[in-house]
Amino acid sequence: MSNARVLADLLVSAGPGGTVVFTGAGVSTESGIPDFRSPGGIWSRYAPIMYQDYLRDPLMRQESWRRGLESYASMATALPNAAHLAIAEWFAAGLVRSVVTQNIDGLHQRAGLPDSAVIELHGNAHFVECLGCARRFDRLAVQARVEAGELDPPCPSCGGILKTTTVSFGQPMPVAEVEAAQRLHSSAALCLVVGSSMVVYPAATLPEHTVEAGGRLAIVNQTETHLDHLATLVAREPAAVLLGETATLLDRVQSDGSR
Ligand SMILES: [Zn+2]
């Protein structure tokens, strides 16, 4: 049986709303978004800017905005690939309850998922928020101010510090999001991991919640993971290829009404 067939069967047998999808950088590589952690990625070329330094040092904020002009360029215009589209289709069909993601690229929403169905553990790179009054801005609008010469642009309402709505190094994980992700994983009949090696917390432990509660685990990732031995399906194909094939199979099942 092909991996696509196995995955299609797992999704169907998990039942309505039975699947939680966990995604990492690998779901977005085919959308042209580099894995920041990979060799040559931005995090390997620059020392990270710690959250506390961002808050206290205007020079760190200037550096952060300067880096952002470069790192955000590919993300601003990125389009969802076949993997994002398949997941959105399964959500619309009632199979997938929610997506939990380590990604900050917003591509699940661009594929059609509502914000309420996406839990972003590391935030979202498309917005900027004032740390004083919580007013939100489009990132491109703030970057335009940087390019026009405001090296550390303040909030136009209250003069507070602006920061992208992403979780920085040294910044605590968002508690509500982590707890919601744990609840979802504990109650899912199937956890489908796509493009994550599950190395960093809480990714490293979330899928185990599903298995411990009696659910099943499917892993679509190009490299080995420490949870492979718990999975019903381990697939090494590129996410866009395998999820695209699986979506085609499920479409056929739905239109035939039988297999
Ligand atoms: Zn403000």
Side-chain angles (χ1 to χ4, degrees), residues 1-31 33 78-103 105-121 177 180-196 198 203 206-207 209-211 213-222 227 231-259:
M1 225 171 14
S2 70
N3 283 338
R5 171 67 69 192
V6 174
L7 181 54
D9 286 349
L10 283 170
L11 285 162
V12 170
S13 61
T19 297
V20 60
V21 180
F22 185 94
T23 65
V27 78
S28 293
T29 44
E30 276 155 271
S31 294
I33 295 175
L79 296 173
N81 64 54
H84 300 101
L85 295 172
I87 294 164
E89 193 179 320
W90 300 334
F91 174 81
L95 290 172
V96 165
R97 190 193 307 174
S98 251
V99 174
V100 178
T101 187
Q102 296 173 285
N103 299 339
D105 55 36
L107 287 180
H108 289 298
Q109 291 92 323
R110 283 187 181 173
L113 278 178
D115 280 330
S116 59
V118 185
I119 295 177
E120 295 171 314
L121 295 173
E177 275 81 357
Q182 283 167 344
R183 277 196 302 277
L184 278 164
H185 279 80
S186 302
S187 59
L190 173 68
C191 170
L192 168 59
V193 175
V194 185
S196 174
M198 298 173 282
L206 281 172
H209 290 293
T210 304
V211 177
R216 291 202 274 191
L217 176 61
I219 298 174
V220 181
N221 194 52
Q222 303 252 44
L227 296 180
T232 306
L233 169 69
V234 176
R236 299 273 181 250
E237 288 110 300
V241 174
L242 178 57
L243 270 63
E245 276 176 25
T246 308
T248 306
L249 276 178
L250 283 169
D251 284 347
R252 210 174 295 153
V253 172
Q254 276 183 333
S255 54
D256 290 355
S258 70
R259 274 175 285 170

Nearest-0.5 Å distance that lies between atom OG in S196 and atom CG in N103: 8.5 Å
What's the verdict on side chain to side chain contact (heavy atoms under 4.5 Å, CB included) for F22 and T210, showing C-alpha distance, side-chain angles and the deciding distance? CA-CA 11 Å; F22 185 94; T210 304; over 6 Å; no
Minimal heavy-atom distance between A189 and A14, with the atoms involved, is CB-O, 3.8 Å
Check whether the side chains of Q182 and E177 place a donor and an acceptor atom closer than 3.5 Å, and report yes or no. no
Steps toward side chain to side chain contact (heavy atoms under 4.5 Å, CB included) verdict (T29, I33): CA-CA 5 Å; T29 44; I33 295 175; over 6 Å; no
Tightest non-hydrogen contact, residues S31 and P80, listed as OG-C, 3.8 Å
Any chance the side chains of S187 and H209 put a donor and an acceptor closer than 3.5 Å? no
Residue pair V12 / L250, side-chain heavy-atom distance below 4.5 Å: yes
Is there side-chain contact between L217 and L192, with at least one heavy-atom pair below 4.5 Å? no
Nearest non-hydrogen partners of S28 and L107, listed with the distance: OG-CD1, 3.8 Å
Heavy-atom pair of closest approach, residues A8 and T246: N-CG2, 3.6 Å
For the residue pair A83 and V27, what are the closest heavy atoms and their distance? CB-CG2, 3.7 Å
Do V211 and R216 have side-chain heavy atoms sitting under 4.5 Å apart? no
Just checking, any donor-acceptor pair under 3.5 angstrom between side chains of T23 and Q102? no
Side chain to side chain contact (heavy atoms under 4.5 Å, CB included) assessment of D251 paired with L249: CA-CA 5 Å; D251 284 347; L249 276 178; over 6 Å; no
Donor-acceptor pair, side chain of R110 and main chain of A78, under 3.5 angstrom: yes
Quick one: do T19 and V21 satisfy side chain to side chain contact (heavy atoms under 4.5 Å, CB included)? Show the steps, please. CA-CA 6 Å; T19 297; V21 180; 4.1 Å; yes
Locate the shortest heavy-atom distance separating L7 from A218; write the atom from each residue and the value. CD1-CB, 4.3 Å
Donor-acceptor pairs under 3.5 angstrom involving side-chain atoms of residues 232-245: please list them, not counting sequence neighbours.
residue: R236; atom: NH1; partner: N221; partner atom: O; Å: 3.4
residue: R236; atom: NH1; partner: T223; partner atom: O; Å: 3.1
residue: R236; atom: NH2; partner: D228; partner atom: OD2; Å: 3.0
residue: E237; atom: OE1; partner: N3; partner atom: ND2; Å: 2.9

Is there a side-chain contact between P114 and Q109 in this structure, where contact means two heavy atoms from C-beta onward sitting under 4.5 Å apart? no
Would you mind telling me which of V193, V20, L184, L121 makes a side-chain contact (heavy atoms from CB on, under 4.5 Å) with L206? L121
Find the distance between CH2 (W90) and CG (L113) and round it off to the nearest 0.5 Å. 12.0 Å
